[in-house]
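Just below is one structure, and these are the notes that go with it.
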Amino acid sequence: MYYLTVENSFDSAHFLHGYEGKCSNLHGHRWRVVVDVACEELIAEGQQRGMCVDFGDLKKDVKEITDFYDHAFIVEEGTLKEKTVEALNEENFRLIFVKFRPTAENFSKFFFEEVKKKGYNVSKVCVYETPNNCAAYSE
């Protein structure tokens, strides 16, 4: 089995609604997303001969997926009061609502599925909230 790894980072804020502790407060991270793809055989012919996938294509696709979340406030749907959302929108803050609690664990599965939709044989995705702590998802 061959494995390729690419990564991209983005900066954003979030909070964990219902959590009792520091993370219940609005805070930010430099999120680092590390994507591993796998293949059993290398491409036999053409420009990509000897490759699993083109690194350039994989890097571009992972960057496109993760950059969407850069410099935004990521919020689980239904966890902010309507008045709060209105006030943030009036200030032109960039809000991204997700259907899941924005934890590293949930993001690892989310990014796994998003990269897989692009046609890659994803083997694992790790999402770092800090340089030393990550959550991983694989199937």
Side-chain angles (χ1 to χ4, degrees):
M1 188 70 73
Y2 298 94
Y3 296 95
L4 276 71
T5 302
V6 300
E7 66 179 72
N8 196 52
S9 298
F10 63 95
D11 299 303
S12 68
H14 76 144
F15 74 105
L16 301 179
H17 179 74
Y19 179 81
E20 294 182 17
K22 291 190 313 183
C23 293
S24 67
N25 209 7
L26 174 64
H27 63 284
H29 295 286
R30 154 84 26 121
W31 301 85
R32 183 172 151 231
V33 180
V34 180
V35 177
D36 294 333
V37 299
C39 65
E40 291 185 24
E41 295 182 24
L42 300 179
I43 298 168
E45 297 179 14
Q47 177 177 314
Q48 296 178 355
R49 185 170 57 89
M51 298 178 182
C52 181
V53 300
D54 188 312
F55 265 119
D57 293 340
L58 180 59
K59 289 190 310 187
K60 178 184 75 60
D61 288 338
V62 169
K63 181 174 175 35
E64 178 182 287
I65 293 166
T66 57
D67 276 1
F68 175 74
Y69 297 90
D70 192 42
H71 284 77
F73 178 20
I74 302 168
V75 181
E76 180 181 9
E77 290 179 356
T79 60
L80 287 179
K81 294 176 184 171
E82 190 175 316
K83 287 170 61 174
T84 303
V85 173
E86 288 174 13
L88 291 169
N89 282 329
E90 284 177 15
E91 295 292 339
N92 293 315
F93 282 100
R94 186 164 173 258
L95 303 174
I96 297 175
F97 292 93
V98 295
K99 297 181 186 298
F100 53 86
R101 196 177 200 197
T103 62
E105 294 89 340
N106 283 329
F107 267 124
S108 66
K109 182 176 183 182
F110 174 79
F111 288 127
F112 183 101
E113 291 170 347
E114 291 298 302
V115 174
K116 190 174 182 178
K117 285 180 194 174
K118 295 275 190 179
Y120 296 99
N121 184 29
V122 184
S123 61
K124 182 169 79 171
V125 171
C126 297
V127 174
Y128 289 78
E129 283 190 343
T130 70
N132 300 319
N133 301 299
C134 77
Y137 180 82
S138 65
E139 294 181 346

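For this chain, numbers begin at 1 and follow the sequence in order. All values derive from a computational prediction rather than experimental measurement.
In this structure a side-chain-to-backbone donor-acceptor pair under 3.5 Å is missing from Asp11 to His71. In this structure, Asn133 contributes its side chain and Glu129 its backbone to no donor-acceptor pair below 3.5 Å.
Looking at Glu64 and Lys118, a side-chain N of the basic residue comes within less than 4.0 Å of a carboxylate O on the acidic one, giving a salt bridge. For Lys117 and Glu114, the salt-bridge test passes: some basic side-chain N is under 4.0 Å from an acidic carboxylate O.
Applying the 6.0 Å contact sphere to CZ of Phe100 captures more than 12 heavy atoms from other residues, nucleotides or ligands. Within 6.0 Å of the CD atom in Glu139, the count of heavy atoms belonging to other residues, nucleotides or ligands exceeds 12.
Among Asp61, Asp70, Thr66, the single residue meeting the side-chain hydrogen bond (donor to acceptor under 3.5 Å, both in side chains) criterion with Asn8 is Thr66.
Relative orientation of the Phe73 and Phe15 rings is tilted, given thresholds of 30° and 60° on the angle between their planes.
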Applying ring-ring contact (aromatic ring centres under 6.0 Å, His included) to Phe107 and Trp31, what does each step give before you reach the verdict? CA-CA 10 Å; Phe107 267 124; Trp31 301 85; 5.2 Å; yes
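Considering only heavy atoms from C-beta on, Met1 comes within 4.5 Å of Tyr3 through its side chain. Contact check for Val75 versus Pro102: no side-chain heavy atoms found under the 4.5 Å cut-off. Residues Cys52 and Leu4 form a side-chain contact, since some pair of their non-hydrogen atoms from C-beta on lies under 4.5 Å apart.
In summary, the side chains of Thr5 and Asp36 do present a donor paired with an acceptor at a separation below 3.5 Å, with no hydrogens or angles considered.
For the two cysteine residues Cys134 and Cys126, the thiol sulfurs sit 2.5 Å or further apart.
The structure places CD1 of Ile74 at 5.0 Å from CZ of Phe10, a figure rounded to the nearest 0.5 Å.
A salt bridge (Lys or Arg N to Asp or Glu O under 4.0 Å) check over residues 76-95, counting only residues at least two apart or in different chains, returns the pairs Glu77-Lys99.
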